[in-house]
2 protein chains.
Amino acid sequence: MSDVARLAGVSIKTVSRVVNDEPGVHPATAERVLAAIDQLGFRRNLGARNLRRGSSTGTIGMVLEDVGNPFYSGITRAVEEVSRQHGRQVLTGSSDEDPNRERELALEFCARRVDGMLVVPAGMQHGYLVPEMRAGMPVVFLDRPAGDVVADTVLVDNIGGTVLAVRHLASHGHSRIAFLGDAPDIFTATERLRGFREGCVRAGIRYDEELVSMGPHDERSVADALRRVLGNRQPATAVVSGNNRITVHLLRVLAGRTDRPALVGFDDFELADLLNPPITVIAHDASAIGKAAAELLFSRLDGDGSPPRRVVLPVRLVPRGSGEVRP
Amino acid sequence: MSDVARLAGVSIKTVSRVVNDEPGVHPATAERVLAAIDQLGFRRNLGARNLRRGSSTGTIGMVLEDVGNPFYSGITRAVEEVSRQHGRQVLTGSSDEDPNRERELALEFCARRVDGMLVVPAGMQHGYLVPEMRAGMPVVFLDRPAGDVVADTVLVDNIGGTVLAVRHLASHGHSRIAFLGDAPDIFTATERLRGFREGCVRAGIRYDEELVSMGPHDERSVADALRRVLGNRQPATAVVSGNNRITVHLLRVLAGRTDRPALVGFDDFELADLLNPPITVIAHDASAIGKAAAELLFSRLDGDGSPPRRVVLPVRLVPRGSGEVRP
DNA sequence: GGCAGTCATGACAACGTTGTCCACTGCCGG
DNA sequence: CCGGCAGTGGACAACGTTGTCATGACTGCC
């Protein structure tokens with residue numbers, strides 16, 4: 001900046017005035033300054049600016065499980081969109097379900113003085129965020145609630161979703177329904193299992209633990225689980241899958257078989273409608289989650305001091321065929 | 001920091017020494033300082049630190065087309081991974097193919113003093129980056145080359161890919177092959193078209209402009225284009241699709257028809273193998289692109305001053321069925 | 001001509017941190 | 001008893017900006 005000032009023959013403060021569009025600079029002077037800026041390729045240092053002004057850094061942080069997963073990248077996209085409208089950039093990091101990594105990323109973002117943070121919790125302990133939150137940094141948790149702090153949270157109706165799935169399958173005559181879910185330390189997994197159980201009760205079906213297999217799941221473990229529930233003395237005639245990845249594994253395993261059980265998957269996914277049979281899913285909108293969470297975050301940044309909110313977004317069953325099979 | 005110093009009864013410099021693990025602090029003193037830090041929830045301001053040290057900001061910027069697109073989110077994930085190994089955070093932004101937005105994002109990242117930048121070009125003019133590059137900021141372009149600057153670039157073998165696709169279809173007896181590509185101002189689109197043409201020549205097939213439709217494409221325009229090439233006096237018996245989104249649109253359009261042409265799609269996508277018929281694709285690895293680009297960037301940051309490189313990653317044809325149909 | 005009132009500009013401090021350099025305390029050997 | 005040395009701690013400047021306030025040159029008016 002002082003280089004620019006020297007070249008334009010003005011003081012550094014005048015350059016500052018020009019780059020900040022402050023009034024009170026003679027047009028001819030401004031012209032000279034702009035020319036100098038252009039010639040030197042000067043770009044003001046936002047870090048220094050933020051330091052001096054004590055103002056926001058213009059960034060928000062986002063910790064999620066895996067940007068590579070279409071579900072989370074959909075969320076990311078929506079968050080980016082809302083952030084743009086509010087003039088903020090987004091720092092992202094993937095935790096890979098590792099609580100330490102989540103913590104590391106979140107604290108790193110704090111040190112960078114993000115204006116706010118969106119977190120898809122990997123672990124159950126979030127006490128480490130309390131000092132920041134007390135210092136005024138808003139945090140919104142997405143997809144899963146925080147372990148041990150009260151904070152804004154955006155969830156989908158996990159329980160309602162699996163209740164719907166079971167009801168749907170039961171209404172098509174299934175009474176032996178299996179559930180393949182994610183690892184039980186993941187909030188959404190246990191909620192969906194709970195909904196599954198509740199759905200069984202409401203539909204008057206016996207809840208059979210032998211038909212439940214909780215992850216972590218890869219293709220092989222899904223194959224094993226499927227073999228088990230289908231090879232049972234009283235085999236399952238339908239399966240509810242706990243998330244999009246498990247559904248995909250399941251589809252790949254089922255591709256080789258002829259005795260395909262009915263299937264309802266939690267989470268919608270691209271091309272589900274073009275498979276044979278098309279896959280019935282519990283759909284919810286990833287971008288809606290991102291949008292709701294980001295908007296909640298920005299309302300906090302705009303001074304909304306109301307008590308922490310818990311937003312639960314609705315899910316809907318999209319019947320496509322795979323769940324309408326009769327046993 | 002001065003609060004911490006006051007609470008611990010030391011000078012602010014001593015606190016600095018403690019947080020930086022500098023030698024020359026009495027263990028008992030360090031203990032007191034750490035306790036004070038913990039009690040106050042102090043987190044050092046990385047912005048100020050970087051300003052003072054004139055060191056790297058520990059961030060890299062990444063401008064891409066749309067994080068929500070699985071192809072780019074795969075790249076993002078790989079970039080994140082490599083960046084983590086090099087101790088950097090990643091700022092991302094989606095340009096939506098808008099050159100102005102790309103420029104805006106890139107300059108914003110520059111103002112934040114990112115250590116380096118990865119750019120999927122939306123436009124053809126990148127002169128605006130020259131000052132930064134001259135000032136030592138490495139930039140690597142991905143998926144498409146920069147318009148008017150010489151710089152590191154990571155591409156896939158677009159031409160080779162469509163040549164392969166045409167050869168494959170021709171070897172199954174097709175001689176009337178259509179090409180549905182993206183907008184011609186997108187580098188990959190014209191390259192793939194060029195490969196298509198070249199493939200026709202090599203296979204001894206007549207290249208017929210009436211069978212080519214360049215986008216931008218949505219589902220409706222794909223349907224129109226398909227109707228045109230199939231309704232031709234000499235209808236196409238096979239289609240090459242120019243990218244994953246066009247392929248998906250095409251699949252949705254084709255779902256209703258019985259006279260399905262053979263199909264080879266550029267870009268692999270999840271579940272392509274589970275469709276009926278399974279979709280033959282020109283596959284390349286999104287994460288390999290991200291990894292290669294990020295590693296190139298970090299090698300520049302580590303001082304590699306060799307001339308700009310152009311890395312072209314191989315593609316391969318994955319035969320699955322949709323391309324093996326006979327006319 | 002003098003005086004208030006504008007306008008354009010600049011000097012200086014401060015943001016939170018760290019590097020440099022100096023000062024103090026003991027303690028040792030001569 | 002003193003000089004020097006090792007081990008500590010602190011004062012101060014600087015990073016690149018911007019907010020505050022002061023300065024100086026003009027203008028218009030009595």
Side-chain angles (χ1 to χ4, degrees), chain A residues 1-34 36-37 40-59 107-115 131-132 135-137, chain B residues 1-34 36-37 40-59 107-115 131-132 135-137:
Chain A
M1 198 146 153
S2 65
D3 293 345
V4 174
R6 201 169 325 118
L7 182 58
V10 297
S11 83
I12 169 178
K13 174 68 211 185
T14 298
V15 177
S16 168
R17 273 197 263 263
V18 171
V19 299
N20 287 301
D21 273 331
E22 281 175 39
V25 178
H26 194 90
T29 314
E31 194 72 21
R32 277 207 324 282
V33 171
L34 288 174
I37 286 175
L40 297 173
F42 166 81
R43 213 86 69 192
R44 89 174 143 202
N45 184 328
L46 273 184
R49 171 178 223 247
N50 294 330
L51 177 59
R52 165 62 233 223
R53 308 190 28 161
S55 64
S56 94
T57 56
T59 49
L107 290 181
E108 170 78 25
F109 291 159
C110 291
R112 288 183 190 286
R113 295 295 188 272
V114 293
D115 301 336
E132 326 290 339
M137 191 189 66
Chain B
M1 198 145 153
S2 65
D3 292 344
V4 174
R6 199 169 327 118
L7 183 58
V10 297
S11 84
I12 170 179
K13 174 66 208 185
T14 299
V15 177
S16 168
R17 275 200 260 263
V18 172
V19 299
N20 287 301
D21 275 331
E22 282 175 37
V25 178
H26 192 90
T29 314
E31 193 72 20
R32 277 208 323 281
V33 171
L34 288 174
I37 285 175
L40 297 174
F42 165 80
R43 213 86 67 192
R44 88 174 144 203
N45 184 328
L46 272 186
R49 170 176 222 249
N50 293 330
L51 178 59
R52 165 62 233 225
R53 308 190 30 161
S55 64
S56 95
T57 55
T59 49
L107 290 181
E108 169 79 25
F109 291 158
C110 291
R112 287 181 191 286
R113 294 295 189 273
V114 292
D115 301 335
E132 325 291 336
M137 191 189 65

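So you know, we letter chains A, B, ... as the sequences are listed, proteins then strands, and number each from 1.
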Quiz item: Can you name the nearest heavy-atom pair linking B:Ile37 to B:Val19, along with the distance?
Solution: CD1-CG1, 3.6 Å
Practice problem: Considering just the side-chain nitrogens and oxygens of B:Ser16, establish if one lies under 4.0 Å of OP1 or OP2 belonging to C:dT18. | Solution: yes
Quiz item: Looking across every strand, which nucleic acid part, if any, lies under 4.0 Å from B:Thr29 by heavy atom: base, sugar-phosphate, or nothing?
Solution: sugar-phosphate
Quiz item: Could you give the CZ-to-P distance, from A:Arg52 to D:dT18, as a whole number of Å?
Solution: 9 Å
Self-check item: Side-chain touch B:Thr59/B:Arg112, heavy atoms, less than 4.5 angstrom
Solution: no
Quiz item: OP1, OP2 of D:dC15 versus side-chain N and O of B:Arg49: anything below 4.0 Å?
Solution: no
Quiz item: Taking atom P of C:dA13 as reference, at what distance in whole Å does atom CZ of A:Arg53 sit?
Solution: 21 Å
Anything under 3.5 Å between a protein N or O and an N or O of nucleotides 22-25 of chain D, put it in a table, one pair a line.
none

Quiz item: Does A:Arg43 reach the main-chain N or O of B:Ala111 with its side chain, forming a donor-acceptor pair under 3.5 Å?
Solution: no
Exercise. Please round to 10 degrees the angle between the axis of the first five pairs and the axis of the last five pairs in the helix from C:dG1-D:dC30 to C:dG30-D:dC1.
Key: 60°
Quiz item: Given that B:Ala48 and B:Arg32 both sit by DNA chain D, which one's nearest nucleotide is further toward the 5' end?
Solution: B:Arg32
Quiz item: Can you name the closest pair of heavy atoms from A:Ser11 and A:Ala5 and give their distance?
Solution: C-CB, 3.7 Å
Quiz item: B:Leu46 has an atom CG; how far is it from atom P of C:dT17, in whole Å?
Solution: 10 Å
Exercise. Classify the nucleic acid contact of B:Ile12 as base, sugar-phosphate or nothing, counting any heavy atom under 4.0 Å across all strands shown.
Key: base
Practice problem: For residues B:Asp115 and B:Met137, determine if any side-chain heavy atom of one lies less than 4.5 Å from a side-chain heavy atom of the other. | Solution: no
Self-check item: Minimum side-chain heavy-atom gap B:Ile12-B:Arg17 below 4.5 Å
Solution: no
Self-check item: Non-hydrogen side-chain atoms of A:Lys13 and A:Met1 separated by less than 4.5 Å
Solution: no
Quiz item: Residues from residues 17-26 of chain A sitting under 4.0 Å of DNA chain C, heavy atoms only?
Solution: A:Arg17, A:Gly24, A:Val25, A:His26
Exercise. In whole angstrom, give the distance that lies between atom NZ of B:Lys13 and atom P of D:dG10.
Key: 12 Å
Practice problem: Tell me which nucleotide among C:dG10, D:dG10, D:dT17 gets nearest to the side chain of A:Ser11. | Solution: C:dG10
Quiz item: Between B:Glu31 (CD) and D:dT8 (P), how many Å, whole number?
Solution: 15 Å
Quiz item: Shortest non-hydrogen contact from B:Arg113 to A:Arg44?
Solution: NH1-O, 3.6 Å
Quiz item: Expressed in angstrom and rounded to an integer, what is the separation of A:Arg113 atom CZ from C:dT17 atom C1'?
Solution: 11 Å
Quiz item: Given atom CG of A:Leu40 and atom P of D:dG16, what is their separation to the nearest angstrom?
Solution: 14 Å
Practice problem: Supply the atom-to-atom distance B:Arg52 CZ to B:Asn45 CG, rounded to the nearest 0.5 angstrom. | Solution: 14.5 Å
Quiz item: So, is B:Thr14 close to the D:dG9 phosphate, meaning a side-chain N or O under 4.0 Å from OP1 or OP2?
Solution: no
Quiz item: How close do A:Thr57 and A:Asn50 get, heavy atom to heavy atom, and via which atoms?
Solution: CA-ND2, 3.5 Å
Quiz prompt | side-chain contact (heavy atoms from CB on, under 4.5 Å) between B:Glu108 and A:Leu46, intermediate numbers included | solution = CA-CA 9 Å; B:Glu108 169 79 25; A:Leu46 273 184; 3.7 Å; yes
Quiz item: Under 4.5 Å between any side-chain heavy atoms of B:Ser16 and B:Asn20, yes or no?
Solution: yes
Quiz item: Tell me: CG of B:Leu51 to C1' of C:dT17, nearest whole Å?
Solution: 8 Å
